[in-house]
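Right, one structure below, let's go through it.
Both backbone and side-chain heavy atoms feed into the values below; hydrogens, waters and symmetry mates do not. Note on naming: letters A, B, ... go to the chains in the order of the sequence lines (proteins, then strands), and numbering restarts at 1 for each one.
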Amino acid sequence: MNIHKITNEALAAIFEEMADLLELSGENTFRVRAYRNGAMAIASLASPVADMIASGVDLSDIEGIGSTLAEKSKVIVETGHLPQLEKLRQEVPRGLRDLMRIPGLGAKKAMKLHQELGVLDLASLRDACQRGAVAAIKGFGEKTQQSILQNMDIVEKASKRLAIDVADALVTRLRAHFQECPAINQIEFAGSYRRCKETVGDLDILVTSDSPTAVMDRFAEFPAIQEILARGETKMSVRISDAFQIDMRVVEPDAWGAALQYFTGSKEHNVHVRSLAKSKGLKVNEYGVFDANDESRLVAGKTEQEVYQVLGLPWIPPELRENRREFASDAASRIAHLIRWEDIQGDLHMHTTATDGENTLEEMVQAAKDSGLQYIAITDHSKRVSVARGLDEAKLIEQWRAIDALNQKLAGAFHVFKGIECDILEEGPLDLSDDCLRQADWVTASIHFGQKQSRDQITDRIVRAIAHPCVHSISHPTGRLISRRNPYDVDMTAVVQAAKEYKKCLEINANPERLDLNDIMAANAADAGVLLVINTDAHSVSHFALMKYGVQVARRAGLSKDQVLNTRSLSAFREWLAQHTVRS
DNA sequence: GCCGTTTTCGGCCCGACTGTTTTCAGTCG
């Protein structure tokens, strides 16, 4: 059997395209949804479908994948393409998919534009609008035509999602803006922001107020607003610079919990919640939980806790609401033990002015103490990373002497471990001698160069580093920079297996540009029994605050504090080091 | 196309808003 090394992302994209093309051709919406669900299910799998098929796993055991999609996946993996998709592509112009990305245009309207006007893509749609041809079609009008023309310009920018820290800054500005509005009783930011996704596509503001009009008037005064997209009795949508959308809903206090639950999502989580309610003779909407037989009877709605409770569920932290494992039988205990920011006791990856950091050793130590940590490891770059003025053996040992002296002064109240972020060279070996590495307290290894190498080469380099007796951990194991650089092509299953075998840690890098391992990979590693470590990779004293984003990833992965090394107390961490360090 | 402690057939989450309509379809989240 010939197995194509197709990635899960590519496979999911094929099913996503199938869904779009089926929807355009007017196919049953449930069938369309089944393809979208299938794409979602595959995108959130931990191991590559190609590998699963090769090892005989029955894909239809995966929720959302039935016999049909399992068979199609197999065909794609074995042949590299899908006949049904090729056929659909010939029937439906591919450019119509772009039309569906224009706000206000869906499959039905896109197909109508094609049938009535011969529109094939964005360019021919623009032409048709400028001729005034669109306004003349039944069901369309002057306003629709105008909005299409306006929104077309947004399509290119609209794919931009805000990084979580940028979204955080926007939320802070909005909170300050609404502070001036006495009409607001409660306010919360829901959606993917509340679920702590690594990027945020829009913001959802939820408010209770006796005067919705006053709240919306205040919202309309937010300086960054470029356009008010819609405004009704209880709902308002605006667009701010860079085509970013903010939605606001005003709800009754008695519906606060139900609304918060509803607008936090995810969509897939809510679909599950509602169908669960239905099976219990209840009906859930954003106004509350109701008796399905007597819809005037409100069963719950004031708090999220009671909404989940009447459905027989524990309160599910927003980070877990992705319809992955939050409904499983062990969910309650997983939720009870979910890691929290305050569980973090140490930070084992950071830089100083010795290489590319902005602050001195002493400044970093003071800031770490101020942020409540018990210990840190200083891990400057090794010599190969010359752009960051990486340290050679002599300079590193000089730094370690300084750390020894500093620890004397700290007198046990706080401890600085002598570490290094040792580069994994292009050819495979580590950048520093074993003699030198053996003198370190903590060695984390990472790739900076040769990121374009083949999957086998990259995987081999990382696995070799894991097997090296002096290495404790691998930092930013995929090398991705969110929205800027793809992860390198690495077989994460092999990396996880090696980490398990050699009892080494894998990092969740808390820098919001990196956040790797991501939630799915971290969950997979932890399931395999690999210990994770959450580090800020701080390059300045202000970066200790980034730890929160790393913890968010860990929470989305469903990790408990036991599964993260640096939740341990100083003495427990020392004990771990003693058991996992080779000195001779 | 998926799914199943009443089901292998017949369901599939639910409501707000807009633009185009005279009562609703399409889109969105």
Side-chain angles (χ1 to χ4, degrees), chain A residues 15 18-19 22-24 26-41 59-73 84 99-113 134-148 151 158 190-195 200-206 212 216 228-238 245-251 255 258-259 261-290 292 295 311 323:
Chain A
F15 287 149
M18 281 289 292
L22 287 170
E23 193 177 9
L24 282 163
E27 184 53 77
N28 173 345
T29 56
F30 297 110
R31 188 167 169 230
V32 172
R33 187 193 296 172
Y35 275 94
R36 292 204 201 287
N37 287 343
M40 282 269 309
L59 293 182
S60 66
D61 288 344
I62 300 163
E63 190 168 334
I65 306 284
S67 56
T68 307
L69 289 189
E71 181 56 33
K72 285 187 164 66
S73 300
Q84 290 90 339
L99 267 54
M100 293 168 68
R101 289 171 51 214
I102 299 174
L105 270 197
K108 294 264 165 50
K109 282 188 175 165
M111 204 54 182
K112 189 146 193 181
L113 288 166
V134 171
I137 308 175
K138 188 170 159 54
F140 292 66
E142 192 62 41
K143 276 194 151 177
T144 308
Q145 181 171 273
Q146 272 310 311
S147 97
I148 289 174
N151 290 339
S192 53
Y193 172 76
R194 186 164 179 244
R195 301 202 309 280
V200 174
D202 62 8
L203 270 184
D204 305 281
I205 310 176
L206 196 63
M216 289 190 183
I228 294 176
L229 301 169
R231 178 170 173 170
E233 297 277 308
T234 62
K235 183 178 168 180
M236 178 165 159
S237 295
V238 308
Q245 189 170 325
I246 308 177
D247 300 323
M248 168 181 274
R249 284 288 281 259
V250 186
V251 301
Q261 193 285 323
Y262 173 73
F263 288 109
T264 298
S266 65
K267 198 175 160 198
E268 293 73 22
H269 174 88
N270 285 353
V271 166
H272 188 102
V273 163
R274 289 179 179 208
S275 81
L276 185 69
K278 208 167 175 177
S279 73
K280 292 179 181 293
L282 298 168
K283 191 176 105 165
V284 177
N285 59 29
E286 56 263 56
Y287 302 106
V289 184
F290 299 89
E295 295 199 6
L311 299 175
N323 196 26

side-chain contact (heavy atoms from CB on, under 4.5 Å) between K235(A) and V250(A): does it pass, once the steps are laid out?
CA-CA 7 Å; K235(A) 183 178 168 180; V250(A) 186; over 6 Å; no

Going by atom type alone, with no hydrogens or angles, which donor-acceptor pairs under 3.5 Å involve a side-chain atom of residues 27-39 of chain A and a protein atom two or more places apart or on another chain?
{"from": "E27(A)", "atom 1": "OE1", "to": "R31(A)", "atom 2": "NH1", "distance (Å)": "2.6"}
{"from": "N28(A)", "atom 1": "OD1", "to": "F30(A)", "atom 2": "N", "distance (Å)": "2.7"}
{"from": "R36(A)", "atom 1": "NH1", "to": "E16(A)", "atom 2": "OE2", "distance (Å)": "2.7"}
{"from": "R36(A)", "atom 1": "NH1", "to": "D20(A)", "atom 2": "OD1", "distance (Å)": "3.0"}
{"from": "R36(A)", "atom 1": "NH2", "to": "D20(A)", "atom 2": "OD1", "distance (Å)": "3.1"}
{"from": "R36(A)", "atom 1": "NH2", "to": "E23(A)", "atom 2": "OE1", "distance (Å)": "2.5"}

Mapping D204(A) and G66(A) to their closest nucleotides on DNA chain B, which lands nearer the 5' end?
G66(A)

Earlier contact from the 5' end, DNA chain B, for E63(A) and D202(A):
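Taking each residue's closest nucleotide, the earlier one in sequence belongs to E63(A).
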
Please report, rounded to the nearest Å, how far the [atom2] atom of [N] is from the [atom1] atom of [X].
| X | N | atom1 | atom2 | result |
| --- | --- | --- | --- | --- |
| F263(A) | dC28(B) | CZ | C1' | 11 Å |
| K280(A) | dG4(B) | NZ | C1' | 16 Å |
| H272(A) | dG4(B) | NE2 | P | 10 Å |
| N151(A) | dT18(B) | CG | P | 14 Å |
| N323(A) | dC3(B) | CG | C1' | 14 Å |
| L203(A) | dG29(B) | CG | C1' | 14 Å |
| L22(A) | dC2(B) | CG | C1' | 15 Å |
| L59(A) | dG1(B) | CG | C1' | 15 Å |

Re dT8(B): Watson-Crick or G-U wobble partner, both distances kept under 3.5 Å, found to be none

Got [X] and [Y] here, is their nearest side-chain heavy-atom distance under 4.5 Å?
| X | Y | answer |
| --- | --- | --- |
| F140(A) | K109(A) | yes |
| R195(A) | S266(A) | yes |
| I246(A) | D202(A) | no |

Just by distance, do the side chain of N285(A) and the backbone of G288(A) share a donor-acceptor pair under 3.5 Å?
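Here the side-chain-to-backbone pair exists.
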
Listed by chain and number, what are the side-chain hydrogen bond (donor to acceptor under 3.5 Å, both in side chains) partners of R249(A), not counting sequence neighbours?
E286(A)

Shortest non-hydrogen contact from [X] to [Y]?
| X | Y | value |
| --- | --- | --- |
| L99(A) | L105(A) | O-CB, 3.5 Å |
| T264(A) | R194(A) | OG1-NH1, 2.8 Å |
| N270(A) | G265(A) | ND2-CA, 3.7 Å |
| I137(A) | L113(A) | CD1-CD2, 3.9 Å |

Do the side-chain N or O atoms of S147(A) get closer than 4.0 angstrom to the phosphate oxygens (OP1, OP2) of dG19(B)?
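So the side chain of S147(A) is outside the cut-off, no N or O lying under 4.0 Å from OP1 or OP2 of dG19(B).
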
Can you tell me, in whole Å, how much space there is between the [atom1] of [N] and that of [M]?
| N | M | atom1 | result |
| --- | --- | --- | --- |
| dT20(B) | dT27(B) | P | 13 Å |
| dC13(B) | dT22(B) | P | 30 Å |
| dC2(B) | dT8(B) | C1' | 12 Å |
| dT6(B) | dG11(B) | C1' | 14 Å |
| dT23(B) | dT18(B) | C1' | 15 Å |
| dC12(B) | dC17(B) | C1' | 24 Å |
| dT21(B) | dA25(B) | P | 14 Å |

Looking across every strand, which nucleic acid part, if any, lies under 4.0 Å from G265(A) by heavy atom: base, sugar-phosphate, or nothing?
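No contact at all - G265(A) keeps every heavy atom at 4.0 Å or more from the nucleic acid.
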
Residues forming a salt bridge (charged side-chain N to carboxylate O under 4.0 Å, His left out) with K72(A), sequence neighbours excluded:
none

Polar atoms only, N or O, under 3.5 Å: list the protein pairs with nucleotides 20-23 of chain B and their distances.
{"from": "dT20(B)", "atom 1": "OP1", "to": "G141(A)", "atom 2": "N", "distance (Å)": "2.5"}
{"from": "dT20(B)", "atom 1": "OP1", "to": "G141(A)", "atom 2": "O", "distance (Å)": "3.1"}
{"from": "dT20(B)", "atom 1": "OP1", "to": "T144(A)", "atom 2": "N", "distance (Å)": "3.3"}
{"from": "dT20(B)", "atom 1": "OP1", "to": "T144(A)", "atom 2": "OG1", "distance (Å)": "2.7"}

Which atoms of nucleotides 10-17 of chain B (N or O only) lie under 3.5 Å from a protein N or O atom, and what are those distances?
{"from": "dC12(B)", "atom 1": "OP1", "to": "K278(A)", "atom 2": "NZ", "distance (Å)": "2.3"}
{"from": "dC13(B)", "atom 1": "OP1", "to": "R33(A)", "atom 2": "NH1", "distance (Å)": "2.7"}
{"from": "dC13(B)", "atom 1": "OP1", "to": "R33(A)", "atom 2": "NH2", "distance (Å)": "3.2"}
{"from": "dC13(B)", "atom 1": "OP2", "to": "R33(A)", "atom 2": "NH1", "distance (Å)": "3.4"}
{"from": "dC13(B)", "atom 1": "O2", "to": "R274(A)", "atom 2": "NE", "distance (Å)": "3.4"}
{"from": "dC13(B)", "atom 1": "O2", "to": "R274(A)", "atom 2": "NH1", "distance (Å)": "2.8"}
{"from": "dC14(B)", "atom 1": "O4'", "to": "R274(A)", "atom 2": "NH1", "distance (Å)": "2.3"}
{"from": "dG15(B)", "atom 1": "OP1", "to": "K283(A)", "atom 2": "NZ", "distance (Å)": "3.0"}
{"from": "dG15(B)", "atom 1": "OP1", "to": "N285(A)", "atom 2": "ND2", "distance (Å)": "3.3"}
{"from": "dA16(B)", "atom 1": "OP1", "to": "Y287(A)", "atom 2": "OH", "distance (Å)": "2.6"}
{"from": "dC17(B)", "atom 1": "OP1", "to": "E233(A)", "atom 2": "N", "distance (Å)": "3.3"}
{"from": "dC17(B)", "atom 1": "OP1", "to": "T234(A)", "atom 2": "N", "distance (Å)": "3.2"}
{"from": "dC17(B)", "atom 1": "OP1", "to": "T234(A)", "atom 2": "OG1", "distance (Å)": "3.4"}
{"from": "dC17(B)", "atom 1": "OP1", "to": "K235(A)", "atom 2": "N", "distance (Å)": "3.0"}

Tabulate atom names and distances for all N/O pairs under 3.5 angstrom spanning the protein and nucleotides 25-27 of chain B.
{"from": "dT27(B)", "atom 1": "OP1", "to": "G106(A)", "atom 2": "N", "distance (Å)": "2.7"}
{"from": "dT27(B)", "atom 1": "OP1", "to": "G106(A)", "atom 2": "O", "distance (Å)": "3.2"}
{"from": "dT27(B)", "atom 1": "OP1", "to": "K109(A)", "atom 2": "N", "distance (Å)": "2.9"}
{"from": "dT27(B)", "atom 1": "OP2", "to": "K108(A)", "atom 2": "N", "distance (Å)": "3.4"}
{"from": "dT27(B)", "atom 1": "O5'", "to": "G106(A)", "atom 2": "N", "distance (Å)": "3.4"}

Polar side chain donor-acceptor pair, Q245(A) to D247(A), under 3.5 angstrom:
yes

